[in-house]
Undergrad: 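Take this structure first; my questions come after.
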Amino acid sequence: MNERVVVDHDIPVAERRARRAGLLWLLAPLAVLAAALWGLVAADPLAGFNNGAPPVENLTVERTVLAQDGLRLLVRGGGSEAMNVAQVQVDAAYWQFEQTPPGPIARGSTAWMSVPFPWVLGEAHKVTLVTNTGATFEHEIPVAVPTPVATSATLSSQALLGAFVGILPVAIGLMFYPALRGAGPWMMSFLLAMTVGLLGFLFIDTLEEALEFAGQSAAIFQGSAMVFLAAAAAFLSLMAISRREGRPSGLALATYIALGIGLHNLGEGLAIGAAFAAGAAGLGAFLVMGFTLHNITEGIAIAAPILKARPPLWRFAALALLAGGPAVLGMWLGSLAYAPHWAALALAIGAGAILQVIVEVSASMIRTHEGSLSGLLTTPVMSGIAVGVAFMYATAMLVKI
């Protein structure tokens, strides 16, 4: 009896000792790293390499506001050290300026530059920022127009437009559900394959737009790497979530499709909202109709996996809101607090979500063909993919400007 008590008490003690040893071996390399960094700062061994050259400087203009009292620029520092803006030129002439907050701009931090420049409506202007080391950074204003002020009226107008180009077309696409419910095996394969084609085009288009915005962001964000890492993280996270309870199908698969499309529309909304904020959103009726026609197919793609089910009406409303609602949110965020890296990040996450849906829909199609990849090499599948890609490409021509 006593011997058994001793054994039971010895096991927790051994475990505690092992945990302490593991913690020690975890803290030891961190302590060595901290000591090395402290020694680097204290001894400054890099001083011997200093040949008098100025530090590397980088400055990115993230936002431009044109008002009655002049123009304001939101700049982000990306140099190796804090940098000071000494002068501001507009159209090759020096102007007084006010910086908020004042002082050096540290790496990764932002500051507003206010210049009382009498800009001319419809004209192009060139702004040059000069640092105290003589480095110059240029920013073009292609067409000077007043920046709209965010009011309840403008936000309401943006919400109405977002609902028209985001929620309404998805809802119209979902309205094809009753007509498609009687689809036979051939038509089911065609519709699911068309969904893969639609999403495949959307994935490439979303990734391309994300990389475009990443190129406009500050170098500190490492645009291309940020896009691919965010897309991979979104893809892997959603795959892990979707496979927790087996492979998604039916309503669950339709929900993932709506989520992927919604994340894509969030990034699109950010871009449109930023165009509103810059006063450069000339969305004519033809362009709005193009957006609507382009997005109707998204509703058909959401409906395809649930043709054999009978979801309640509120489910369709929720799917339409999930897919199209983020367009409204994106427009609001883009007009109030836009930066290129936020649009790139949102589009990258959307691309990862869309790729996850492509994998899941393809896996669902393989399961219906007895788990054989060769079963996908059929007329309805190949024609469905081709029609999906072709339709998205044709309607995209209406919205590309």
Undergrad: Glu123: which residues meet the salt bridge (Lys or Arg N to Asp or Glu O under 4.0 Å) condition with it, sequence neighbours left out?
TA: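 For Glu123 there are no salt bridge (Lys or Arg N to Asp or Glu O under 4.0 Å) partners, ignoring immediate neighbours.
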Undergrad: Calculate, to the nearest 0.5 Å, the distance between atoms CZ and CZ belonging to Arg107 and Arg76 respectively.
TA: 11.5 Å
Undergrad: Given side chains that start at C-beta, do those of Phe221 and Pro340 come closer than 4.5 Å, heavy atoms only?
TA: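 Not in contact.
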Undergrad: Could you state the interatomic distance from CD1 (Ile257) to CD1 (Ile306), rounded to the nearest 0.5 Å?
TA: 9.0 Å
Undergrad: Could you pull out all residues at least two apart from Thr60 that satisfy side-chain hydrogen bond (donor to acceptor under 3.5 Å, both in side chains)?
TA: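 Applying side-chain hydrogen bond (donor to acceptor under 3.5 Å, both in side chains) to Thr60 gives none.
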Undergrad: Quick check for you: to the nearest 0.5 Å, what is the distance between Ile354 atom CD1 and Ile349 atom CD1?
TA: 12.0 Å
Undergrad: Counting only N and O atoms by type, is there a donor-acceptor contact under 3.5 Å from the side chain of Ser237 to the main-chain atoms of Ala234?
TA: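 No, Ser237 side chain to Ala234 backbone: no donor-acceptor pair under 3.5 Å.
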Undergrad: Can you sort out the partners of Glu138 under side-chain hydrogen bond (donor to acceptor under 3.5 Å, both in side chains), two or more places apart, ordered by chain and number?
TA: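 Lys126.
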Undergrad: What distance do Trp314 atom CH2 and Leu319 atom CG have between them, rounded to the nearest 0.5 Å?
TA: 9.0 Å
Undergrad: With heavy-atom distances below 4.5 Å as the criterion, would you say the side chains of Val127 and Val88 are in contact?
TA: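 Val127 vs Val88: side chains touch.
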Undergrad: Looking only at heavy atoms, which two atoms of Ala210 and Leu347 are closest? And how far apart?
TA: CB-CB, 3.7 Å
Undergrad: Would Ile261 and Leu199 count as a side-chain contact (heavy atoms from CB on, under 4.5 Å) here? Give the steps.
TA: CA-CA 8 Å; Ile261 292 173; Leu199 296 174; 4.3 Å; yes
Undergrad: Between Pro142 and Ala124, what is the shortest heavy-atom contact and its length?
TA: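 Taking Pro142 first and Ala124 second, the nearest heavy atoms are O-CB, 3.1 Å.
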Undergrad: Where do Val227 and Leu207 land on the side-chain contact (heavy atoms from CB on, under 4.5 Å) test, with the steps shown first?
TA: CA-CA 8 Å; Val227 168; Leu207 198 59; 3.9 Å; yes
Undergrad: Can you tell me if Gln99 uses its side chain to pair, donor with acceptor, with the backbone of Gly103 under 3.5 Å?
TA: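 Checking the backbone N and O of Gly103 against the side chain of Gln99, a donor-acceptor pair under 3.5 Å is found.
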Undergrad: Check whether any side-chain N or O of Ser362 sits under 3.5 Å from a backbone N or O of Ile358 as a donor-acceptor pair, and report yes or no.
TA: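 Yes; at least one donor-acceptor contact below 3.5 Å.
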Undergrad: Scan residues 111-130 for pairs that pass ring pair (Phe, Tyr, Trp, His ring centres under 6.0 Å), counting only residues two or more places apart or in two chains.
TA: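 Only Trp95-Phe117, Phe117-His125 qualify under ring pair (Phe, Tyr, Trp, His ring centres under 6.0 Å).
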Undergrad: Starting from the C-alpha separation in whole Å, work towards a yes-or-no answer on side-chain contact (heavy atoms from CB on, under 4.5 Å) for Ile167 and Leu321.
TA: CA-CA 6 Å; Ile167 300 175; Leu321 191 61; 3.9 Å; yes
Undergrad: Strictly by salt bridge (charged side-chain N to carboxylate O under 4.0 Å, His left out), give each pair with a member in residues 151-160 just once, sequence neighbours left out.
TA: none
Undergrad: Enumerate donor-acceptor pairs with a distance under 3.5 Å from any side-chain N or O in residues 65-73 to protein atoms, sequence neighbours excluded.
TA:
none

Undergrad: Is it true that the side chains of Ser114 and Glu98 contain a donor and an acceptor less than 3.5 Å apart?
TA: no
Undergrad: To the nearest 0.5 Å, what is the distance between CG on Asn265 and CG on Leu329?
TA: 11.5 Å
Undergrad: What I want to check is whether the side chains of Thr110 and Glu62 have a donor and an acceptor closer together than 3.5 Å.
TA: no
